[in-house]
Structures are given as structure tokens and as C-alpha cells.
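Just below is one structure, and these are the notes that go with it.
Source: prediction; values computed, not measured.
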Amino acid sequence: MIVIIMGVSGSGKTTIGKLLAESLGWEFQDADDFHSSANIEKMRLGIPLDDADRIPWLQDIRNAIAQWLQENRNVVLACSALKASYRQFLVGDSSDIKIVYLKGADKIIQKRLQERQSHFMSEKLLNSQFNTIEEPNNAIYIDISQPPEEIVNFLKTTFG
């Protein structure tokens, strides 16, 4: 099974994803690791990515997901997956891929981004992410104001 933890930057995808993977004994993967150096530089400079930037990134993630499923690997993947079309591209018609949406108030997320160290994603891009996100219809919604341990315990009972 693949569990995609989605949301805007600063919503806790990596934190929750790593904790969940560890608690389930699964692998953790971060979609940020699939970005090209050009994409990373754009985001570091506060320039939003467009679909042309994202298509090769999404294709690489989709290929990895297909390989993980073929190898029967259980993976928690942190991935923004902001648009419905991106999620459809990644998930397709697979019943072995589930989506968890980390949703939170922009003030909470802004504060998290201001406190974050050594990440390429500029906090200047938060508004563009909130403008871009299309909330999913078929996902588990999680309120990020809860402590990470509570979120992970809930998800563990769902996927464990």
C-alpha cells in the first residue's frame, strides 16, 4: 500500500509521514527528493512552479509508485499533490493508494514556515500554494492543529 500525505508546504507532511512510516514499519519517501535542481532553485528564490515544471517531477513520482506497488512495498509518501489532476495522475485507479490531507489554518502554517530551518521552500510561496490547492474529495482529512502523536495514532489505526 502507498499512503500519500498531502498538503501545502509547512502542513507537516514530512513530520507526520516519517512518524507514520516508523510506527507502521513502512518506508518513508519524500516527493521533494524527486525535484530537479532547477525546480529547487526556483522555489528557493520564491518563484512558484508551474505545470511545465511539475510534469517531469510527477512522472518520476508516478514511476516510483508503480515500482513500489510492483515490489509489494508499503510506503508513506510526503507529496504536496496540490491539484486534483496531479493526484489523479499519481493514483490512477489503484485501490492500493490512499490519500491523507493535512489541512490547517494559514496562520499556523505561516508560523511553522517562519520557524523552519534549512529547507529550500520559501515561505513567500505559501500564498501561491493556498491559491493552487484543490481540496480532495476522496481523502482522509486531518486537522494539523492536533499534536503529531495524535494524528499518527489515528492514522496508524486506519492503515495498521
Side-chain angles (χ1 to χ4, degrees), residues 1-35 40 43 48-49 54 57-58 60-62 64-65 67-69 71-160:
M1 176 178 284
I2 310 296
V3 175
I4 299 175
I5 309 287
M6 66 156 290
V8 298
S9 182
S11 61
K13 297 181 298 291
T14 300
T15 299
I16 298 301
K18 284 180 177 178
L19 290 170
L20 179 60
E22 183 179 315
S23 72
L24 292 170
W26 292 12
E27 289 179 57
F28 173 77
Q29 297 284 335
D30 195 323
D32 284 348
D33 296 337
F34 291 83
H35 274 300
I40 290 170
M43 290 184 283
L49 299 180
R54 288 188 181 102
W57 171 70
L58 289 166
D60 288 345
I61 296 168
R62 181 178 167 174
I65 289 172
Q67 182 176 349
W68 300 331
L69 289 173
E71 295 171 354
N72 293 316
R73 290 161 59 185
N74 293 315
V75 177
V76 177
L77 173 67
C79 181
S80 54
L82 297 176
K83 290 185 178 181
S85 61
Y86 302 164
R87 293 186 297 275
Q88 179 58 39
F89 183 76
L90 295 175
V91 174
D93 61 1
S94 177
S95 61
D96 295 325
I97 304 172
K98 305 297 182 201
I99 297 192
V100 173
Y101 173 37
L102 300 181
K103 182 176 178 168
D106 54 353
K107 288 180 182 180
I108 293 172
I109 294 172
Q110 184 73 37
K111 184 176 186 289
R112 288 181 179 183
L113 287 177
Q114 289 168 347
E115 294 171 352
R116 187 153 70 175
Q117 302 289 325
S118 67
H119 192 277
F120 61 82
M121 183 70 169
S122 170
E123 69 180 80
K124 295 181 229 174
L125 294 176
L126 184 58
N127 284 339
S128 75
Q129 290 209 332
F130 274 119
N131 291 337
T132 301
I133 196 162
E134 298 168 357
E135 294 191 342
N137 296 327
N138 56 347
I140 297 169
Y141 275 61
I142 300 291
D143 177 357
I144 66 165
S145 66
Q146 301 173 74
E149 297 77 20
E150 286 183 28
I151 294 171
V152 170
N153 284 338
F154 170 76
L155 293 173
K156 186 177 177 182
T157 62
T158 304
F159 300 116

How long is the span from the [atom1] atom in [X] to the [atom2] atom in [Y], to the nearest 0.5 Å?
| X | Y | atom1 | atom2 | answer |
| --- | --- | --- | --- | --- |
| C79 | I2 | SG | CD1 | 12.0 Å |
| I142 | K103 | CD1 | NZ | 12.5 Å |
| R54 | S80 | CZ | OG | 6.5 Å |
| I140 | I151 | CD1 | CD1 | 12.5 Å |
| E135 | M6 | CD | CE | 8.0 Å |
| N137 | Y101 | CG | OH | 12.0 Å |

Can you tell me if [X] uses its side chain to pair, donor with acceptor, with the backbone of [Y] under 3.5 Å?
| X | Y | value |
| --- | --- | --- |
| S11 | V8 | yes |
| E134 | A84 | yes |
| S23 | L20 | yes |
| Q129 | S9 | yes |
| K13 | G7 | yes |
| Q146 | D143 | yes |
| W57 | A31 | yes |

Distance-minimising heavy-atom pair for [X] and [Y]:
| X | Y | result |
| --- | --- | --- |
| Y86 | L58 | CD2-CD1, 3.5 Å |
| P148 | L19 | CB-CD1, 3.9 Å |
| S145 | I108 | CB-CD1, 4.1 Å |
| S94 | L69 | OG-CD1, 4.0 Å |
| A21 | F28 | CB-CB, 3.8 Å |

Quiz prompt | Trace of the side chain to side chain contact (heavy atoms under 4.5 Å, CB included) decision for N74 with F159 | solution = CA-CA 10 Å; N74 293 315; F159 300 116; over 6 Å; no

Practice problem: Could you please spell out the steps behind the side chain to side chain contact (heavy atoms under 4.5 Å, CB included) verdict for T14 and K18? | Solution: CA-CA 6 Å; T14 300; K18 284 180 177 178; 3.7 Å; yes

Quiz item: Are L24 and L155 side-chain neighbours, meaning at least one heavy-atom pair lies under 4.5 Å?
Solution: no

Practice problem: Take I61 and L90 through the side chain to side chain contact (heavy atoms under 4.5 Å, CB included) test and state the conclusion after the steps. | Solution: CA-CA 7 Å; I61 296 168; L90 295 175; 3.7 Å; yes

Quiz item: V100 and side-chain contact (heavy atoms from CB on, under 4.5 Å): which partner among I5, T158, I16?
Solution: I5

Practice problem: Please step through side chain to side chain contact (heavy atoms under 4.5 Å, CB included) for the pair R87 and I4, ending with a clear verdict. | Solution: CA-CA 9 Å; R87 293 186 297 275; I4 299 175; over 6 Å; no

